[in-house]
Amino acid sequence: MPSFNSESVAASSPSGLNAAPPASASSRPRSDSPVWSSLLTTHRVRIWHGRHLVVRDVNLAIPRERITALIGPSGCGKSTLLRAFNRLTDLTPLLRVEGTIQLEGRDIHDPTIRVDELRRRVGMIFPQPQPFSKSIFENVAWAIRLKGPVEHLEEKVEIALRRARLWDEVKDKLQSPAQALPPGPSQRLCLARALAVEPEALLLDEPCASLDPGATAQLEEALMDLKFKDGMTMVIVTHNLAQAKRISDLTACLALDDASPDPTRPTGLLVEAAATETIFTTPRDPRTEAYITGRVG
Ligand SMILES: Nc1ncnc2c1ncn2[C@@H]1O[C@H](COP(=O)(O)OP(=O)(O)OP(=O)(O)O)[C@@H](O)[C@H]1O
């Protein structure tokens with residue numbers, strides 16, 4: 001367990017990571033909020049899709065070397081927010097991010113930031129595994145070569161596959177087509193490919209969406225290994241509350257704003273973030289409680 005202190009995990013709002021805390025929330029820091037050093041922080045982030053406000057007022061600190069879960073009902077903007085962390089949102093012309101997102105204290109929208117380097121440092125795993133139509137070996141080797149001239153390529157491919165807990169399953173068929181792999185190993189190959197460029201953080205967007213319970217358990221074990229052995233910082237969007245409880249250290253709960261101007265397209269907002277155990281045992285915000293008890297979403 002982390003040490004606890006009145007210093008909050010909040011990026012700026014002392015009350016639990018949201019610039020607009022609900023009426024029921026205290027404006028004082030939670031005394032049970034852990035002290036974690038942050039890798040990524042957001043300050044007053046709001047994301048628009050055209051004229052629709054997708055998510056608003058997100059003040060959040062993503063702790064280094066921990067797993068942060070983003071939970072909340074469908075459509076509250078979890079995936080969009082996740083994609084903003086390495087500017088994948090830039091690829092959707094109608095999406096616009098306001099506010100500040102910092103990586104190691106540096107604004108990721110600073111004009112001097114190289115977006116390709118940002119995405120190397122902060123990798124992404126998508127809901128459906130998408131290996132390239134190359135061999136298993138080449139899927140990982142391709143990523144390693146992106147970093148420039150390579151020595152010891154085979155060794156580096158093996159290291160990435162081992163870190164993704166896939167090596168033992170594929171070491172005898174490295175030249176086989178990656179797209180022939182079943183979903184579980186296929187997703188761990190995508191994890192190995194993401195690890196091959198040596199990121200500092202990984203964003204995981206419902207990475208187990210297409211996996212059965214056994215394959216989910218294997219991926220979770222790989223993620224836990226990455227955290228404990230490599231100190232990887234991870235942010236996972238998940239609808240699986242048991243998964244959030246199992247693997248995350250911090251949980252950030254988003255909700256849909258009842259007061260949205262267009263009730264057919266409500267705006268999401270971050271209502272509460274705290275140590276996962278706290279969120280699931282003593283949530284402060286009634287919307288968190290409603291979500292984790294299955295009354296909404
Ligand atoms: N490319 C896009 N095209 C259209 N609308 C978008 C796009 N990206 C985001 N949005 C808007 O953002 C809202 C939130 O979507 P997002 O996928 O981020 O939510 P979510 O919380 O991850 O939902 P789910 O849990 O169902 O995946 C959508 O309902 C939609 O209004």
Side-chain angles (χ1 to χ4, degrees), residues 17-18 20 40 42 44-60 62 67-99 101 108-109 115 119 122-130 183 187 190 201-211 216 219 234-245 247-248 250-273 276 279-280 283 285 287-297:
L17 317 195
N18 194 337
L40 271 162
T42 73
R44 295 197 167 184
V45 165
R46 38 173 57 198
I47 306 177
W48 298 83
H49 181 258
R51 295 169 66 180
H52 166 55
L53 182 55
V54 174
V55 63
R56 68 168 170 82
D57 300 333
V58 180
N59 292 307
L60 180 61
I62 302 295
I67 300 180
T68 298
L70 300 184
I71 62 169
S74 213
C76 67
K78 303 177 297 294
S79 296
T80 309
L81 179 63
L82 189 77
R83 284 162 201 239
F85 291 150
N86 71 354
R87 290 181 56 179
L88 276 181
T89 38
D90 291 9
L91 304 179
T92 304
L94 281 179
L95 285 177
R96 191 173 80 255
V97 179
E98 294 177 351
I101 302 175
I108 66 167
H109 292 100
V115 180
R119 293 189 190 138
V122 182
M124 174 71 84
I125 303 291
F126 296 95
Q128 303 299 325
Q130 291 166 340
Q187 190 63 307
C190 294
L202 285 178
L203 309 174
L204 302 120
D205 189 1
E206 296 192 56
C208 303
S210 64
L211 308 187
T216 295
L219 186 71
M234 287 169 272
V235 187
I236 182 168
V237 167
T238 182
H239 279 282
N240 182 339
L241 297 182
Q243 178 172 66
K245 275 194 225 175
I247 68 170
S248 74
L250 178 85
T251 295
C253 186
L254 290 87
L256 294 165
D257 187 358
D258 292 337
S260 301
D262 176 358
T264 64
R265 294 185 86 194
T267 295
L269 74 166
L270 178 59
V271 292
E272 186 170 6
T276 294
I279 288 287
F280 284 98
D285 192 291
R287 292 165 292 186
T288 307
E289 187 171 13
Y291 183 70
I292 63 173
T293 55
R295 281 189 280 122
V296 292

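For ligands, and for the atoms within them, numbers begin at 1 and follow the listed sequence.
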Answer yes or no: is there an ion pair linking Arg265 with Asp262, defined by an N-O contact shorter than 4.0 Å?
-> no

Could a heavy atom of His239 be found less than 4.0 Å from some atom of ligand 1?
-> yes

Do any N/O atoms on Thr80 end up under 3.5 angstrom from N/O atoms on ligand 1?
-> yes

So, does Arg46 use its side chain to make a donor-acceptor pair with the main chain of Gly99 at under 3.5 Å?
-> no

Residue and atom name of the nearest protein heavy atom (relative to atom 24 (P) of ligand 1), distance in Å to one decimal | Ser74 OG, 3.6 Å

Answer yes or no: is there a donor N or O on one side and an acceptor on the other, between the side chain of Thr276 and the main chain of Ser248, under 3.5 Å?
-> yes

With a 4.5 Å limit on heavy-atom distance, are the side chains of Leu82 and Met124 in contact?
-> yes

Numbering as shown, the atoms of ligand 1 that approach Glu206 to under 4.0 Å (heavy-atom distance) = 27 (O)

Val54 heavy atoms within 4.0 Å reach ligand 1 at atoms 11 (C), 12 (O), 13 (C), 14 (C)

Taking C-beta and beyond as the side chain, do Thr238 and Cys208 meet within less than 4.5 Å on heavy atoms?
-> no

Taking atom 3 (N) of ligand 1 as the reference point, the nearest protein heavy atom with its distance | His49 NE2, 3.1 Å

Looking only at heavy atoms, the pair that brings Leu70 and Leu60 closest together is CD2-CD2, 4.1 Å

Is Gly72 close to ligand 1, meaning an N/O of one under 3.5 Å from an N/O of the other?
-> no

Verify, without hydrogens or angle tests, whether Lys78 (side chain) and Pro73 (backbone) share a donor-acceptor contact under 3.5 angstrom.
-> yes

Can you find a protein heavy atom under 4.0 Å from atom 6 (C) of ligand 1?
-> yes

With heavy atoms of Arg265 as the reference, note each atom of ligand 1 found under 4.0 Å away.
-> 31 (O)

Heavy-atom distance under 4.5 Å between the side chains of Ile47 and Arg83, does that happen here?
-> no

Within less than 4.0 angstrom of ligand 1, does Pro73 place any heavy atom?
-> yes

Could you check atom 17 (O) of ligand 1 against the protein and tell me its nearest heavy-atom contact, residue, atom and distance included?
-> Ser79 CB, 3.8 Å

Mark yes or no for whether Glu206, through its side chain, and His239, through its backbone, hold a donor-acceptor pair below 3.5 Å.
-> no

Hey, does Phe85 have a side-chain heavy atom less than 4.5 Å from the side chain of Thr42?
-> yes

Would you check if there is a donor-acceptor pair between the side chains of Asp205 and Ser79 at a distance under 3.5 Å?
-> yes

Taking only non-hydrogen atoms of Cys76 and a 4.0 Å limit, the atoms of ligand 1 in range are 19 (O), 21 (O)

Atoms of ligand 1, numbered as shown, that sit under 4.0 Å from any heavy atom of Thr92 | 1 (N)

Which ligand 1 atoms, with their elements, are less than 4.0 angstrom from a heavy-atom of His52?
-> 31 (O)

Record the part of Lys78 in heavy-atom contact with ligand 1 below 4.0 Å; permitted values are side chain, backbone, both and neither.
-> both

So is there a nitrogen or oxygen of Leu81 less than 3.5 Å from a nitrogen or oxygen in ligand 1?
-> no

Closest protein heavy atom to atom 23 (O) of ligand 1, given as residue, atom name and distance to 0.1 Å = Gly75 N, 2.9 Å

